[in-house]
Amino acid sequence: MTDNINGMKRTHYLDELRASDIGKTVVLMGWVLRRRDHGGVIFIDLKDIKGLTQVVFNPEHNSESHGKARQLRSEFVIAVKGIVRSRPDESQNSNLATGEIEVFVDELRILNRSKPLPFVIDEDDNIEVSENLRLKYRYLDLRRESMQKKLVMRSNVARSVREFLYENDFLEIETPFLTKSTPEGARDYLVPSRVTPGKFYALPQSPQLFKQLLMVSGYDRYFQIVKCFRDEDLRADRQPEFTQIDMELSFVEPDEIMEIMDKMMAKIFKETLDIELTLPLKRLPYDEAMEKYGLDAPDLRIPLELVDVSDIFAESGFKVFSSAVSKGGIVKALKLDGGSDKLSRKDIDDLTDFVKIYGAKGLAWIKINPDGWQSPIVKFFNDDEKERLQGRLRLNPGDIIFFGADTKRVVNEAIWRLRAHIGKKLGMLDDDAFSFVWITDFPLMEYNEDEKRFDCVHHPFTAPNDEDIPLLEDKDKLVYSKSYDLCLNGSEIGGGSIRIHSKELQNKIFKMLNIDEESAREKFGFLLDALEFGAPPHGGIAFGLDRLIMLLCGAESIRDVIAFPKTQKATCLLTDAPDKVGTKQLNELSIKLNVIE
RNA sequence: GGGGGCGUAGUUAAGUUGGUUAUAACGCCGGCCUGUCACGCCGGAGGCCGCGAGUUCGAGUCUCGUCGCUCCCGCCA
């Protein structure tokens, strides 16, 4: 039997009571985390979203409530009315915020009972529960303290963001979820239209075009914390529906946007972790990032840099290196100071297997021993090559060098993965550090060998650097853009650009991308039209809120910072979505299934 | 689409070379216990070893398939 809440009003959250409250009569409500029944006195650890307070049932104090308390089990929901008392000196608990006091219960109401749980909610039991069970009973998983902390932090970050942006004249404006499919980019989630049979809405991959239109409309600083949808395969840090902090500003240059975002990050870190960021956040041009780290989102906590040694080995007798260069590829080296005795032959074999995942065909290496170079490849080097390598890398006894030789793409990919892998494996980075870097000046486009055409690095609305606009005519010239990504500890957490606000330039870019006028018209006609009616210069940025929260709270999976996430197969174990629908619903949507088994 | 890992009481795990009745801890149920805080002590119940084939005198263990979860590659302007 359960009791009614009637007439009871909660007076305190369960993290609030202190010694100064001793003597007060209070009403507490929450969940039974633990019970310690001594036959006589019964202790209950009562828990809510804020914290935990010990309540005590003593048969001499109140035998009726004590008798009732014997029924209590894990996760019963109760209300208690009683007196705050000091705990005896020897039984104060300094691990608890409320550990000086306890509540002596006069009245107990059992508001609801709980069946035995499918897994323990008390995390002090230190049992790691399998994730599919957690996801099936997500409402219980979310009741666990560690999950509550993460979602509370998520809410706090969202609040900091909103406060900051409101203070800086941003307006929060919603944009449609039921919108139009865009041609390139990720796969769209489609929604059939009932009233227009055979036609579909798409869920937005981002509010990109709408926020640009808002700039045309004069809402010169817009933001939105908004869901975006991309129907692609999942990863530990990627869900098909995810949340962006989306922004757009008029009359700005990249510098101003980065400056404002620096301040926003500083506020978030100050208010959620009490960490003071040093501003301005570091900036690094794309080309330099690729040269030194091999990717556009380097983890700068790792004190290792890649060194291009292509020129040294262009004519080498070691054909693996020289032929890579002659085919237009590169040779890059990664040196570990004093790494020689940290990595066994077995470790090196494992690293070789590791880089093969990313397309490398092998992993060349040299150990610089006191008595000479140890390596399977060094016998192919001549003295000049050895000397230049020595000079370029400043080698010392005890060092080890790894090499990648292949196309630029493969070498950079394999060696940056190696750099990150070794950095973590050898404990070269501080797990608690937060290392930001802006990557700027991305190329506007890159040539796609497979499709024999140019692809956008960012998206087709990104503005080229002004001085590069004349170069657009020349297919061989690299054109850079007014773009910027913010990276934190090797993860891209946000990215944006200044947009094109001239119809002529936008059309020129479409043309270069092999988007013909007709399809540009069909897909983006409304944007092109809008650009002709006083579109101001504008640009923006979007942050991945989920990834940011992950990094802030040290979660290893994006699922840990999303209340109701999808599994890797994009299903929901709690609701069992996606699911079949009846023929009536399908008929209304003019949909006939054609499932290929 | 491809590669790796995992799947054994409610939970987390152990389970030897294929060999009697499949173990343990926590949880659950019952009893005892008036200062615990992961309370303690005694007792008990609880199993389609993910599912399906196969090999074998005999399969939790070996083989194949399949399902689920997960990590990665491809994919993610």
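In what follows, chains carry the letters A, B, and so on, assigned in the order in which the sequence lines appear, proteins first and then strands, with residues in each chain numbered from 1.
Within the nucleic acid shown, A:Val457 comes within 4.0 Å of sugar-phosphate atoms alone, with no base atom in reach, counting heavy atoms only. As judged by a 4.0 angstrom heavy-atom cut-off over every strand, A:Asp45 is placed among residues touching the sugar-phosphate backbone only. Among the protein residues, A:Glu102 comes within range of the nucleic acid bases, having at least one heavy atom under 4.0 Å from a base atom. At the heavy-atom level, A:Ser94 lies nowhere under 4.0 Å from the strands shown. Nucleic acid contact class of A:Arg134 (heavy atoms, under 4.0 Å, all strands): none. Residue-level contact check: A:Phe104 touches the bases, meaning some heavy atom is under 4.0 Å from a base atom. At the heavy-atom level, A:Thr567 lies under 4.0 Å from the strands shown only through sugar-phosphate atoms.
With distances taken from any side-chain atom of A:Glu232 to the nucleotides B:G35, B:G68, B:C75, the minimum falls on B:C75. Closest contact between the side chain of A:Ala236 and the listed nucleotides B:C37, B:C71, B:C28 involves B:C71. Nearest nucleotide to the A:Asp233 side chain, out of B:C73, B:G74, B:C71: B:G74. Comparing B:C39, B:G68, B:C73 against the side chain of A:Lys569 picks out B:G68 as the nearest. Nearest to the side-chain atoms of A:Arg238 among the listed nucleotides B:C75, B:C69, B:C37 stands B:C75. The side chain of A:Ser74 lies closest to B:C28, out of B:G35, B:C28, B:C72.
Two residues are said to be in side-chain contact when any heavy atoms from C-beta on lie closer than 4.5 Å; A:Leu14 and A:Thr98 fail this criterion.
Both A:Glu556 and A:Gln208 lie close to RNA chain B; mapped to their nearest nucleotides by heavy-atom distance, the more 5′-ward contact belongs to A:Glu556.
The phosphate of B:A77 has neither OP1 nor OP2 within less than 4.0 Å of any side-chain N or O from A:Ser206. OP1 and OP2 of B:C76 both lie 4.0 Å or more from every side-chain N or O belonging to A:Gln205. Of the side-chain N and O atoms in A:Arg36, none sit less than 4.0 angstrom from OP1 or OP2 of B:U36. Dashed line: the shortest gap from a side-chain N or O of A:Arg235 to OP1 or OP2 of B:C73 is under 4.0 Å.
The nucleotide B:C69 finds its pairing partner in B:G5, both defining distances of the Watson-Crick or G-U wobble pair being shorter than 3.5 Å. Pairing of B:G10, defined by two Watson-Crick or G-U wobble distances under 3.5 Å, is identified with B:C26. With a cut-off of 3.5 Å on both pairing distances, the Watson-Crick or G-U wobble partner of B:C64 is B:G52. B:U34 makes up no base pair with any nucleotide shown, lacking Watson-Crick or G-U wobble contacts both under 3.5 Å.
Side chains of A:Arg499 and A:His459: a donor on one and an acceptor on the other come within 3.5 Å. No side-chain donor-acceptor contact under 3.5 Å links A:Tyr293 and A:Asp299. In this structure, a donor-acceptor pair under 3.5 Å is absent between the side chains of A:Gln244 and A:Ser206.
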Enumerate all atom pairs, one protein N or O and one N or O from nucleotides 8-14 of chain B, separated by less than 3.5 Å.
{"residue": "B:G10", "atom": "O2'", "partner": "A:Pro118", "partner atom": "O", "Å": "2.9"}
{"residue": "B:U12", "atom": "OP1", "partner": "A:Ser130", "partner atom": "N", "Å": "2.7"}
{"residue": "B:U12", "atom": "OP1", "partner": "A:Ser130", "partner atom": "OG", "Å": "3.3"}

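The aromatic ring centroids of A:Phe177 and A:Phe229 lie less than 6.0 Å from each other.
For CD of A:Glu64, the number of neighbouring non-hydrogen atoms (other residues, nucleotides, ligands) closer than 6.0 Å is 12 at most.
Note: NZ (A:Lys356) to P (B:C73) measures 18 Å, nearest angstrom. Between the NE2 atom of A:His66 and the P atom of B:U36 there is a distance of 16 Å, given to the nearest Å.
For the pair A:Ala530 and A:Leu213, the tightest heavy-atom approach, listed with the atom from each and the gap, is CB-CD2, 3.5 Å.
Interface remark: the A:Arg87 side chain does form a donor-acceptor pair with the B:C37 base, using a distance-only criterion of under 3.5 Å.
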Stepwise, does the side chain to side chain contact (heavy atoms under 4.5 Å, CB included) test hold for A:Asp21 with A:Val26?
CA-CA 9 Å; A:Asp21 297 301; A:Val26 297; 6.0 Å; no

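Under a 4.0 Å N-O distance rule, the pair A:Glu131/A:Arg559 qualifies as a salt bridge. A salt bridge links A:Glu145 and A:Lys149; the closest N-O separation between the charged side-chain nitrogens and carboxylate oxygens is under 4.0 Å. Classification of A:Arg36 and A:Asp45 as a salt-bridged pair holds, one side-chain N sitting under 4.0 Å from a carboxylate O.
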For nucleotides 29-34 of chain B, read 5' to 3', which letter fits each nucleotide if B means a protein heavy atom sits under 4.0 Å from the base, S means only the sugar-phosphate is that close, and - means neither?
SS--BB

